[in-house]
J.: 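To start, I am sharing the structure in question, which I have written as structure tokens.
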Amino acid sequence: MIVNLERRRYNARESYSGIEAAVQAGKVYQSLKGKLHGGTDMAVDIQAETGTWKVKVGLAQMLKGGVIMDVVTADQAKIAEDAGACAVMALERVPSDIRKDGGVARMSDPTKIEEIINAVTIPVMAKARIGHFVESQVLQALGVDYIDESEVLTPADENNHIWKHDFKVPFVCGCRDLGEALRRIGEGAAMIRTKGEAGTGNIVEAVRHARTVMDEIRRIKGMSQDELMSTARDLKAPFELIKEIHQTGKLPVVNFAAGGIATPADAALMMQLGVDGVFVGSGIFKSDNPALMANAIVKATTHYQDPGIIADVSRGLGAAMRGLEVATMDAKDRLASRGW
Amino acid sequence: MPKIGVLAVQGDFLEHRQALERIGVDVSEVRLPAQLDGLDGLIIPGGESTTIVQLLDIYGFRDILKEKASNGLAIWGTCAGMIVIANKLTDKRPDPIKLMDIEVSRNAFGRQVDSFEQDLDVTGMEGDPFHAVFIRAPVVTHMGKDVEAIAKLTDGRPVAVQQGHLLATSFHPELTEDTRFHEYFVRIATRGSD
């Protein structure tokens, strides 16, 4: 009976990690057990449940086709919301400043985050350091809607990421390839983004990472079953998720592009490559006219298949952020290599 | 068979599209007003209402949607879509398109950690209760005399409402495998196209 009820709620389209998350949280079992002991059957209203895999992934599904913008202050958050951002990302400094200033980059000041939460009605995300589960606990307590366990901040743990299933708030994590994406999903990430190379205004790494993920998905979809285990070994990815991708041909969570998007055409490029939406970090508030640039990127993300509209919105924006060449960058300056 | 469009400016329009395709409905994506021509029904999906309203206004949807709705275009708003079609919000923003005689409170249950799943009894829907997914969901705070609440929370707050050929749900039927709400909307749109 319990098994049947669980199956009813976590049906075929649900991912392995979702079932795992729900069962581990014990929520489904607990709530159903209560009902069964009460002598009731399936037709009875099951109590409202929060923090489920479905609502975690679901919020990311609502963000699709949209632009999530990095903001440092409440004023920037308002500009982003007015320009059509579907969410904002609160952080201490935008990536290009983190790059320039150096030092340890940490979670933002709680007061700043609260000011941003109070300034806008769209979802507020905030960044925590890789492996810093206490920063994440703080962000959850502050009421942020999504946590980005981000390589843009200085990592707190060089071996382990956060066990994200333990949290009620959903997490987004960066990836460079499919193996990294699936390791993060296995740990409980309910949304994935490419890492790109944050703070460079250079799209080349985001393209590389998005193409790598898509190519590996296509390859797995076309495999025979006896190749799946060695693929899981080679990609260092959970076998159950490799099996799921073999069946569905897609990631079990929403996948955005991030790291280097600086123009409307950059955003549309990533959308045409097949991502679900875009994060823009330094590209908005390091451009000449942030409000105009933000709105243009929003329009280009919706109308990514319409070059006429992309041309129109690209006119007269002033200078985009000044970019950095990634190819000649020292390995130590590359943020994307953080994460394991 | 009616032709249904899904507003595709932002949000989970793909999930609605897939739900309609599962029940064999002819479906198209709508990003510009001209793409409304020839449709019997339009779904306004979940997403961010401030973003969706802004993109509707930039590309001149507001007056055309009002005109088409008054001429019988069936419209269903889910979550953000409910906000978009409401006559009034308890919030200052966004400025809704004002198609349906309801007042709506945004983020009525709190922040993302308060998002939830719950089974609902729906008036006229046969079989099991409908498993509803609420994500930063709105709720109806006031409705006109022509509006009927077809599903309520246990505390009595309406979360699915209908006014003739207009339908609004606080929750996301498109995030489940259950297509009963999509079938219901297709029946509403079919009546209009007779």
Side-chain angles (χ1 to χ4, degrees), chain A residues 8-9 11-14 42-52 54-67 81-87 117 120-125 140-146 167-170 254 276-277 295 298-299 301-306 309 313, chain B residues 7-15 18 29 31-32 45-55 57-59 78-80 83 89 91-94 106-107 109-121 127-129 131-137 153-154 171-172 174-178:
Chain A
R8 176 166 155 259
R9 306 198 58 196
N11 51 35
R13 216 166 53 157
E14 301 283 322
M42 274 177 74
V44 168
D45 204 44
I46 293 172
Q47 298 230 314
E49 277 188 71
T50 58
T52 62
K54 193 156 204 94
V55 300
K56 287 177 171 181
V57 175
L59 178 55
Q61 288 173 283
M62 298 311 136
L63 300 174
K64 289 196 299 178
V67 183
E81 183 179 50
D82 289 344
C86 67
I117 287 174
V120 297
T121 58
I122 56 179
V124 175
M125 301 183 162
Q140 176 169 277
L142 290 172
V144 306
D145 297 295
Y146 240 95
F167 288 78
K168 250 190 178 181
V169 66
V254 165
D276 297 313
N295 188 242
V298 168
K299 289 186 247 184
T301 302
T302 291
H303 296 284
Y304 67 96
Q305 296 155 313
D306 190 330
I309 289 182
V313 305
Chain B
L7 185 73
V9 299
Q10 194 271 320
D12 72 334
F13 49 87
L14 181 66
E15 285 76 357
Q18 289 166 341
E29 292 184 358
R31 290 185 173 80
L32 292 168
E48 271 311 308
S49 55
T50 50
T51 306
I52 293 173
V53 169
Q54 189 184 80
L55 286 161
D57 276 334
I58 288 170
Y59 293 100
T78 59
C79 193
I83 296 163
L89 304 180
D91 222 357
K92 284 197 194 72
R93 66 207 143 161
R106 295 177 64 204
N107 301 331
F109 302 94
R111 305 198 65 84
Q112 170 60 15
V113 291
D114 307 303
S115 292
F116 63 100
E117 301 181 46
Q118 183 159 21
D119 281 4
L120 291 176
D121 286 320
D128 287 341
H131 188 67
V133 182
F134 294 81
I135 296 172
R136 284 172 50 96
L153 294 174
T154 43
F171 51 92
H172 296 279
E174 75 279 12
L175 294 187
T176 65
E177 295 289 302
D178 192 338

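Naming convention: chains lettered A, B, ... in sequence-line order (proteins, then strands); numbering from 1 in each chain.
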J.: Specify which of D306(A), I117(A), V144(A) makes the most heavy-atom pairs with chain B at under 4.5 Å.
T.: I117(A)
J.: What's the spacing between T51(B) OG1 and L63(A) CG if we round to 0.5 Å?
T.: 9.0 Å
J.: Mark yes or no for whether Q118(B), through its side chain, and E49(A), through its backbone, hold a donor-acceptor pair below 3.5 Å.
T.: no
J.: Mind listing the closest non-hydrogen atom pair of E48(B) and C86(A) along with its distance?
T.: CG-O, 3.0 Å
J.: Among the options V124(A), I122(A), V169(A), pick out the one with the most heavy-atom pairs lying under 4.5 Å from chain B.
T.: I122(A)
J.: Heavy-atom cut-off 4.5 Å, strictly under: side chain, backbone, both or neither for R136(B) against chain A?
T.: side chain
J.: Can you tell which part of D114(B) gets under 4.5 Å to a heavy atom of chain A, answering side chain, backbone, both or neither?
T.: backbone
J.: When heavy-atom pairs shorter than 4.5 Å are enumerated against chain B, which of A85(A), A87(A), A83(A), A60(A) gives the highest number?
T.: A83(A)
J.: Which bit of R111(B) comes within less than 4.5 Å of chain A, counting heavy atoms only: side chain, backbone, both or neither?
T.: both
J.: A side-chain contact here means heavy atoms from C-beta on lying under 4.5 Å apart; do K54(A) and T176(B) qualify?
T.: yes
J.: Measure the spacing between CE of M62(A) and CG of L175(B) and express it to the nearest 0.5 Å.
T.: 4.0 Å
J.: Where on Q54(B) is there a heavy atom nearer than 4.5 Å to chain A: the side chain, the backbone, both, or neither?
T.: side chain
J.: Just wondering, do Y59(B) and I309(A) contact through their side chains at under 4.5 Å, heavy atoms?
T.: yes
J.: Contact part of A8(B) toward chain A, heavy-atom cut-off under 4.5 Å: side chain, backbone, both or neither?
T.: backbone
J.: Which bit of S115(B) is near chain A, if near means a heavy-atom gap under 4.5 Å: side chain, backbone, both or neither?
T.: both
J.: Do side-chain atoms of Q112(B) reach the backbone of G51(A) as a donor and acceptor pair under 3.5 angstrom?
T.: no
J.: Checking heavy atoms, do the side chain of I52(B), its backbone, both or neither come under 4.5 Å from chain A?
T.: neither
J.: Give a yes or no on whether the backbone of H303(A) and the side-chain of R31(B) come within a donor-acceptor separation of less than 3.5 Å.
T.: no
J.: Taking NZ, NE, NH1 and NH2 as the nitrogens, is one of them in D12(B) or K64(A) under 4.0 Å from a carboxylate oxygen of the other?
T.: no
J.: Okay, side chain of T50(A), backbone of F116(B): is any donor-acceptor separation there less than 3.5 Å?
T.: no
J.: Checking side-chain hydrogen bond (donor to acceptor under 3.5 Å, both in side chains) between Q61(A) and each of H172(B), E174(B), E15(B), which is the one that passes?
T.: E15(B)
J.: Compare every heavy atom of V55(A) with every heavy atom of F134(B), then report the nearest pair and how far apart it is.
T.: O-CG1, 4.1 Å
J.: Minimum heavy-atom separation for T121(A) and N107(B), please, with both atom names.
T.: O-ND2, 3.4 Å
J.: Which region of V113(B), side chain (C-beta onward) or backbone (N, CA, C, O), has a non-hydrogen atom less than 4.5 Å from a non-hydrogen atom of chain A, or is it both or neither?
T.: both
J.: Working to the nearest 0.5 Å, report the span between CD of E81(A) and OG1 of T50(B).
T.: 5.0 Å
